[in-house]
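The structure appears right after this line, and notes come after that.
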Amino acid sequence: MRVQSSATTASRIAVAAERERQPGLGTLQAALGVIAFSLTFPATAWGLEGFGPWSLVAVRSVLAAVIAGGALLALRVPLPARRHWSGLAVVAAGVVLGFPLLTTLALETSTTAHAAVVVGLLPLTTALLSALRVGTRPSRTFWAAALAGAAAVLAFTVQQSGGALNTADLYLFAALLVCAAGYTEGGRLARIMPGWHVIGWALVLCLPLTVPVAAFALAQEPVRLTAHSVTGLLWVAAGSQFLGLVVWYRGMAAIGIPKASQLQLAQPLLTLVWSVLLLGEHLPVAAPLTAVAVLVCIAVTQRARG
């Protein structure tokens with residue numbers, strides 16, 4: 001009876017994952033994920049007004065894990081198979097711990113606009129890692145457009161930074177690598193289980209580390225609760241860390257990791273807009289031209305053979 005029950009549960013999870021793989025819906029879900037992610041840096045900047053970097057990263061992970069764990073418990077979702085835990089650990093290390101921490105440290109000395117454009121290289125990095133890890137083979141047209149989009153983003157970055165790299169840039173480039181690994185592994189797992197299970201279990205997996213770190217960091221770093229800091233914390237926890245990744249992994253499962261990743265070429269431009277509207281930062285003159293180039297590249301990658 002237990003074997004039959006386990007088989008039935010596995011079958012239901014597979015069916016749920018299969019329902020998520022609808023191309024049209026997948027593109028929409030991935031795009032919603034990009035919009036959620038584009039608010040991450042401005043929200044982090046708000047959060048840093050009242051929290052230290054370690055407190056902000058640890059507390060956001062704990063809050064997101066509480067939301068995810070509550071949903072998993074309420075719906076009685078069974079534990080993933082043992083063979084999936086190594087992949088979930090990569091997701092946890094990349095998108096739950098590594099990327100938030102490295103980008104938060106970078107934002108202590110970098111503007112959100114600059115950080116967003118550097119992270120604009122993430123789509124190409126993710127596509128490359130998916131080719132190596134998952135064996136995806138996009139067409140030459142796809143790679144040409146992806147490289148062109150990355151080149152536009154890189155040129156914008158170099159122009160804004162005067163050609164010199166600083167400590168914040170090193171944090172950001174490290175964030176690119178760990179996040180791309182987490183995206184790739186999460187996209188692969190989302191073809192086996194529903195996307196929200198992937199990020200949900202990854203968040204829960206981190207609780208033994210994030211809870212004590214949060215307690216220690218809150219005791220060491222000063223906390224100043226303001227409307228901005230609380231709003232920023234809530235968004236990066238519920239919006240970026242959980243809901244954004246839920247629709248993002250669903251989109252990846254539906255349209256493939258390479259095509260979904262290229263939608264993120266629009267993320268830096270969206271973040272630039274948010275940084276102007278929410279933080280009062282200056283919009284560089286080259287931003288509109290870069291935006292046009294990036295949008296053209298996105299259109300080509302979505303039409304190219306995946």
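None of the values given here were measured: they were computed from a predicted structure.
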Membership question, hydrophobic clusters at under 4.5 Å side-chain separation (ILVMFWY): are [Y] and [X] in the same one?
X	Y	answer
Phe216	Val211	no
Leu279	Leu107	yes
Leu101	Leu63	no
Trp54	Val59	no
Trp196	Val204	yes

Starting from the C-alpha separation in whole Å, work towards a yes-or-no answer on side chain to side chain contact (heavy atoms under 4.5 Å, CB included) for Leu278 and Leu39.
-> CA-CA 10 Å; Leu278 300 178; Leu39 279 160; 4.0 Å; yes
Just how far is it from atom [atom1] of [X] to atom [atom2] of [Y], taken to the nearest 0.5 Å?
X	Y	atom1	atom2	answer
His84	Met193	NE2	CE	4.5 Å
Leu189	Trp201	CG	CH2	13.5 Å
Leu272	Gln267	CG	CD	11.0 Å
Thr44	Leu105	OG1	CG	11.0 Å
Leu203	Leu97	CG	CG	9.0 Å
Leu88	Leu205	CG	CG	7.0 Å

For the residue pair [X] and [Y], what are the closest heavy atoms and their distance?
X	Y	value
Val57	Pro100	CG2-O, 3.6 Å
Ala260	Met252	CB-CG, 3.7 Å
Ile257	Arg188	CD1-N, 3.9 Å
Gln29	Gly251	OE1-N, 3.9 Å
Thr125	Ala180	CG2-CB, 3.6 Å
Leu225	Phe51	CD2-CZ, 3.7 Å

Tell me if a side-chain donor or acceptor on [X] pairs with a main-chain N or O of [Y] at a distance below 3.5 Å.
X	Y	answer
Thr271	Ser38	yes
Ser110	Ala106	no
Arg191	Ala253	yes
Ser130	Ala127	yes
Gln241	Val95	yes
Arg250	Gly26	no
Thr103	Phe41	no

Could you tell me whether the side chains of [X] and [Y] share a donor-acceptor contact shorter than 3.5 Å?
X	Y	result
Ser61	Thr210	no
Glu221	Ser55	yes
Ser229	Trp46	no
Glu281	Thr112	yes

Chi angles and distances behind the side chain to side chain contact (heavy atoms under 4.5 Å, CB included) call for Leu172, Leu102 | CA-CA 6 Å; Leu172 292 169; Leu102 290 166; over 6 Å; no
Indicate yes or no: at least one non-hydrogen side-chain atom of Trp143 is less than 4.5 angstrom from one of Leu128.
->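 A side-chain contact under 4.5 Å exists here.
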CA sep, side-chain torsions, deciding dist, call: Thr126, Ser261, side chain to side chain donor-acceptor pair (under 3.5 Å) = CA-CA 6 Å; Thr126 303; Ser261 69; 5.4 Å; no
Check the angle between the aromatic planes of Tyr183 and Tyr249 and answer parallel, tilted or perpendicular using the 30° and 60° thresholds.
->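 Tyr183 vs Tyr249 ring planes: perpendicular.
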Mind running side chain to side chain contact (heavy atoms under 4.5 Å, CB included) on Leu32 and Trp248 for me, showing each step along the way?
-> CA-CA 7 Å; Leu32 289 174; Trp248 176 243; over 6 Å; no
Under the side chain to side chain contact (heavy atoms under 4.5 Å, CB included) rule, what do Thr231 and Trp235 come out as? Steps first, then yes or no, please.
-> CA-CA 6 Å; Thr231 301; Trp235 177 259; 5.5 Å; no
Over 12 foreign heavy atoms within 6.0 Å of CZ, Phe37 =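 Yes, enclosed.
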